[in-house]
Amino acid sequence: MANYDNRHASNEPYSLRGRVFQKIRDDILSGKYKEHEELKEVAIGEELGVSRTPVREAFRQLELEGLIQIIPNKGAYVTGITAKDVKDIYMIRSLLEGLCARMATEKISKEQLEEMEENIYLAQFHADKGHMDQMAELDNRFHDILYEACDSKMLEHLLKDFHQYVLRVRQKTLATNTRGRASNDEHKQIMEAIKAKDAVRAEKLANSHMINAYNNMVENGLYEIYGDELDKEDNKWEKLK
């Protein structure tokens, strides 16, 4: 049995309940727990080396996020993230990422801009080498820098949560050199607009980046991952406008 409290206490800025919540949440979003699967307090508590209380509290928070459903006198069941949820997330993200990029043109620090530029150059290097895992990590970091640069803790929190919700499908659909390169090229254009203090262009490019990312997901496994039998062409972004 792993003692989850001791194992993570030294390097995670969460309470015990928060760490348990984060672990279960990550397991749901990664696909470890399947849709409609029952989550058992005792089993999870034993796995994490904690009592049932923080697990029960984490369940309540997960229900508020819509990731599980607690049925009285029956148990807690996974609802997870569906293909429709991913579509909705990207519709919302397209607007919020545009706003974030617009705000970053005024708020970004010299250090953040330098890290953003370095991120893009490193991603290009790894694209040339075919290192897709490193490109995915750099892609994630680019967005983190952008979120931090907008200087709004509320917007940053929302965007990081949305980013986490779709991590499972992003890991699969980013694993192509074609989309990885295209995504990095789009990052470069966003960075250049921010560097030029062109808020309107930065917002438009960030919005388009989300549209392109979603359409790539539709083409490269979104509905297969979530087991939905839907027509790809009918679910591309252009059809949703």
Side-chain angles (χ1 to χ4, degrees), residues 11-14 22-23 25-32 65 67 81 85-87 89-101 103-104 108-109 111-192 194 202 205-222 225:
N11 60 6
E12 288 204 33
Y14 299 112
Q22 194 66 43
K23 179 64 169 65
R25 184 178 186 254
D26 289 346
D27 286 343
I28 292 172
L29 294 175
S30 71
K32 175 181 177 180
E65 287 206 9
L67 295 178
I81 297 292
D85 293 331
V86 173
K87 179 179 72 176
I89 285 169
Y90 271 86
M91 291 178 74
I92 298 167
R93 273 187 74 187
S94 72
L95 300 175
L96 293 183
E97 294 246 356
L99 175 61
C100 182
M103 294 170 67
I108 195 167
S109 68
E111 292 75 19
Q112 287 168 333
L113 187 57
E114 288 175 350
E115 185 182 357
M116 191 176 278
E117 288 184 287
E118 182 180 5
N119 176 283
I120 292 164
Y121 293 138
L122 280 173
Q124 182 61 56
F125 170 81
H126 287 297
D128 293 341
K129 298 292 185 182
H131 300 161
M132 304 314 300
D133 288 344
Q134 288 88 339
M135 286 192 70
E137 290 176 8
L138 288 164
D139 187 284
N140 290 336
R141 180 56 192 154
F142 175 88
H143 287 275
D144 282 343
I145 299 166
L146 181 63
Y147 303 159
E148 293 158 10
C150 77
D151 195 31
S152 167
K153 65 180 181 181
M154 301 307 295
L155 184 54
E156 179 182 351
H157 174 73
L158 283 171
L159 284 167
K160 284 188 173 181
D161 268 356
F162 281 139
H163 199 69
Q164 187 67 25
Y165 287 157
V166 296
L167 192 58
R168 176 186 171 199
V169 67
R170 287 183 74 255
Q171 287 173 334
K172 176 177 173 59
T173 57
L174 265 177
T176 64
N177 197 277
T178 300
R179 178 54 199 164
R181 286 177 181 274
S183 180
N184 194 51
D185 287 343
E186 291 162 17
H187 289 173
K188 184 176 181 180
Q189 292 178 50
I190 294 168
M191 181 272 294
E192 288 174 343
I194 291 172
L205 289 169
N207 177 273
S208 296
H209 180 55
M210 288 297 99
I211 294 173
N212 294 338
Y214 176 76
N215 284 341
N216 174 68
M217 286 181 175
V218 173
E219 285 292 338
N220 291 284
L222 171 62
I225 289 172

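Because only heavy atoms are used, hydrogens play no part in the values below, and waters and symmetry mates are left out as well, while side chains stay in. Along the sequence shown, residues are numbered consecutively beginning with 1.
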Does the pair His187 and Asp139 meet the rule for a side-chain contact (heavy atoms from CB on, under 4.5 Å), with working shown? CA-CA 9 Å; His187 289 173; Asp139 187 284; 3.2 Å; yes
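- At a threshold of 4.5 Å between non-hydrogen side-chain atoms, the residues Met132 and Met135 count as touching.
- Side-chain contact between Tyr147 and Leu155 is absent, with no heavy-atom pair separated by less than 4.5 Å.
- Partner Ile190 forms a side chain to side chain contact (heavy atoms under 4.5 Å, CB included) with one of Ile120, Leu205, Asp185 and no other, that one being Leu205.
- Listed here is the closest heavy atom pair of Asn207 and Ser94: ND2-O, 3.2 Å.
- Put simply, the side chain of Gln124 never gets that close to the backbone of Tyr121: no donor and acceptor are under 3.5 Å apart.
- Met210 contributes atom CE, which lies 11.5 Å from atom CG of Asn215 (distance to the nearest 0.5 angstrom).
- More than 12 heavy atoms of other shown residues, nucleotides or ligands fall within 6.0 angstrom of atom CD in Glu117.
- Contact of the Glu97 side chain with the Leu146 side chain is registered, since non-hydrogen atoms from C-beta on lie closer than 4.5 Å.
- The closest donor-acceptor contact from the side chain of Arg181 to the backbone of Ala127 lies under 3.5 Å.
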Would you check, one step at a time, whether the test side-chain contact (heavy atoms from CB on, under 4.5 Å) holds for Leu113 with Met191? CA-CA 8 Å; Leu113 187 57; Met191 181 272 294; 4.1 Å; yes
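- Put simply, CD on Glu114 and CD1 on Ile145 are 11.5 Å apart, with the number rounded to the nearest 0.5 Å.
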Show your reasoning for whether side-chain contact (heavy atoms from CB on, under 4.5 Å) applies to Arg179 and Asn212. CA-CA 9 Å; Arg179 178 54 199 164; Asn212 294 338; 3.8 Å; yes
What's the verdict on side-chain hydrogen bond (donor to acceptor under 3.5 Å, both in side chains) for Tyr165 and Glu65, showing C-alpha distance, side-chain angles and the deciding distance? CA-CA 11 Å; Tyr165 287 157; Glu65 287 206 9; 2.8 Å; yes
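- Proximity of Arg141 to Asp144: side-chain heavy atoms (C-beta onward) are separated by under 4.5 Å at one or more points.
- The minimum heavy-atom distance between Ser152 and Met103, with the atom names listed, is CB-CE, 3.8 Å.
- Here the CG atom belonging to Asp27 is positioned 12.0 Å from the CG atom belonging to Leu67, to the nearest 0.5 angstrom.
- Contact record, His209 with Ser183: CE1-OG, 3.3 Å, taken as the closest heavy-atom pair.
- Pairing each heavy atom of Tyr90 with each of Val166, the nearest pair is OH-CG2, 3.7 Å.
- We find the CG-CG distance between Leu138 and Leu122 to be 5.5 Å, quoted to the nearest 0.5 Å.
- Shortest non-hydrogen contact noted between Asp161 and Arg25 is OD1-NH2, 3.0 Å.
- We find the CD1-NZ distance between Ile92 and Lys87 to be 12.0 Å, quoted to the nearest 0.5 Å.
- Residues Gln164 and Asp26 meet the side-chain proximity criterion, which asks for heavy atoms closer than 4.5 Å.
- Among all heavy-atom pairs drawn from Ala202 and Ala101, the shortest one is O-CB, 3.5 Å.
- For the atom pair Glu219 CD and Tyr214 OH, the distance stands at 11.0 Å (nearest 0.5 Å).
- Inter-residue side-chain proximity for Met154 and Leu158 is flagged as unmet; no heavy-atom pair is nearer than 4.5 Å.
- Considering only heavy atoms from C-beta on, His143 comes within 4.5 Å of Arg93 through its side chain.
- In this structure the side chain of Phe125 never reaches within 4.5 angstrom of the side chain of Gln134, judged on heavy atoms.
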